[in-house]
Amino acid sequence: MYFFCAAWYSSGMEQQRIFHGSNQVVEKPRILVQGFYKDFGYGFYCTQLEKQAQRWALSKHGAHVVNVYAYAPDSSLNVLRFAEMTDAWLDFVAQCRNGTEHSYDIVEGPMADDTIWDYVEDFLTGAITRQAFWELARFKYPTHQILFCTERALRTIT
């Protein structure tokens with residue numbers, strides 16, 4: 001089931017289409033601060049990859065809904081972008097997964113799925129080296145996530 005916002009069809013070309021996989025229609029996204037620490041911290045997670053949102057939706061109990069939004073980037077926000085998995089990305093994910101908070105409005109980049117996270121944990125405990133982490137992680141399929149961390153950031157999506 002797909003939920004499309006009407007604003008997408010009437011919006012300008014500057015907007016990007018993003019997806020959120022869930023077990024419900026999410027008409028008014030909100031910042032969630034609960035559960036386990038995630039890759040980029042707490043907030044509202046979306047992706048540019050429709051198939052990834054479908055996988056997220058299928059992992060939920062009950063209904064499987066892919067919500068579709070229009071995202072209009074705002075240059076006044078404090079945004080951190082990782083174009084690919086790098087040492088800086090690995091260090092940031094490790095800090096966020098350990099509960100360290102940050103001051104970004106939006107964080108965007110690759111996702112550490114469960115397999116990648118297992119490698120991150122092995123790296124953090126010293127079971128594998130940074131070099132071994134990269135050897136293991138480089139063979140995974142592409143992922144993408146964009147986290148809206150603040151109310152100001154949420155105003156960029158409709």
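Atom set for the values below is all heavy atoms of this structure, side chains included, hydrogens, waters and symmetry mates excluded. None of these values were measured; they are calculated from a predicted model.
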Check your understanding: What pairs with D122 under side chain to side chain donor-acceptor pair (under 3.5 Å), at least two apart in sequence or on another chain?
Key ->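 Side chain to side chain donor-acceptor pair (under 3.5 Å) check on D122 returns nothing, list empty.
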Practice item. For E121, enumerate each residue passing the side chain to side chain donor-acceptor pair (under 3.5 Å) test, keeping only those at least two apart in sequence or located in another chain. Key: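 Counting only residues at least two positions away or on another chain, E121 forms a side chain to side chain donor-acceptor pair (under 3.5 Å) with W117.
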From [X] atom [atom1] to [Y] atom [atom2], the distance as rounded to the nearest 0.5 Å:
X	Y	atom1	atom2	value
F19	C46	CZ	SG	10.0 Å
Q95	L124	CD	CG	10.0 Å
W134	I128	CH2	CD1	10.5 Å
I106	T150	CD1	OG1	7.0 Å
N23	H61	CG	NE2	9.0 Å
L147	K38	CG	NZ	10.5 Å

Practice item. Begin with the C-alpha distance, continue with both residues' side-chain angles, and end with the deciding distance and a verdict on side-chain contact (heavy atoms from CB on, under 4.5 Å) for Q145 and T143. Key: CA-CA 7 Å; Q145 60 190 342; T143 59; over 6 Å; no
Practice item. Under the ring-ring contact (aromatic ring centres under 6.0 Å, His included) rule, collect the residues that match up with Y45, sequence neighbours excluded. Key: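 For Y45, no residue satisfies ring-ring contact (aromatic ring centres under 6.0 Å, His included) once neighbours in sequence are set aside.
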Distance-only side-chain donor-acceptor flag, [X] / [Y], under 3.5 Å:
X	Y	value
Q16	Q48	yes
D74	S76	yes
H144	E108	yes

Review point. Between D91 and R130, which heavy-atom pair has the shortest distance, and what is it?
Key: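 Smallest interatomic distance, heavy atoms only, reads OD1-NH2, 3.1 Å.
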**Study point:** C96 to G41 - nearest heavy-atom pair and separation
**Key:**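 Where C96 meets G41 most closely, the heavy atoms are CB-N, 3.8 Å.
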Is the closest side-chain heavy-atom distance between [X] and [Y] below 4.5 Å?
X	Y	result
T47	I18	no
F133	V120	yes
F40	C149	no
R152	L154	no

Exercise for review: Kindly say whether the aromatic ring centers of F148 and Y71 come within a distance under 6.0 Å.
Suggested key: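 Ring centroids of F148 and Y71 are less than 6.0 Å from each other.
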Check your understanding: Looking at the rings of H102 and F92, which for Trp means the six-membered one, are their centres under 6.0 Å apart?
Key ->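 Yes, they do, as the ring centres are separated by less than 6.0 Å.
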Indicate yes or no for a side-chain donor-acceptor contact from [X] to the backbone of [Y] under 3.5 Å, with no hydrogens or angles considered.
X	Y	result
W89	E84	no
Q54	V66	no
H20	N67	no

Exercise for review: Mind running side-chain contact (heavy atoms from CB on, under 4.5 Å) on V33 and I31 for me, showing each step along the way?
Suggested key: CA-CA 6 Å; V33 182; I31 306 300; 4.1 Å; yes
Point to revise | V68 vs R17, side-chain contact (heavy atoms from CB on, under 4.5 Å): CA-CA, chis, key distance, verdict | key: CA-CA 7 Å; V68 183; R17 197 159 105 166; 3.5 Å; yes
Exercise for review: Salt-bridge test for R155 and D105: reply yes if a basic N is under 4.0 Å from a carboxylate O, no otherwise.
Suggested key: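 No salt bridge links R155 with D105.
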Exercise for review: Examine V26 and I157 and state if one hydrophobic cluster contains both, with Ile, Leu, Val, Met, Phe, Trp and Tyr joined whenever side-chain heavy atoms are less than 4.5 Å apart.
Suggested key: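 Same cluster: V26 reaches I157 through Ile, Leu, Val, Met, Phe, Trp or Tyr contacts under 4.5 Å.
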Exercise for review: Look at the side-chain heavy atoms of Ile, Leu, Val, Met, Phe, Trp and Tyr, link any pair under 4.5 Å apart, and say whether M111 and L49 land in one connected group.
Suggested key: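 No: no chain of side-chain contacts under 4.5 Å links M111 to L49.
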Point to revise | Other residues, nucleotides, ligands: >12 heavy atoms within 6.0 Å of R30 CZ | key: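 No, because the 6.0 Å sphere around CZ of R30 holds 12 heavy atoms or fewer from other groups.
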Check your understanding: D39 and R97: side-chain contact (heavy atoms from CB on, under 4.5 Å), yes or no, with the steps?
Key -> CA-CA 6 Å; D39 289 358; R97 287 277 186 139; 2.6 Å; yes
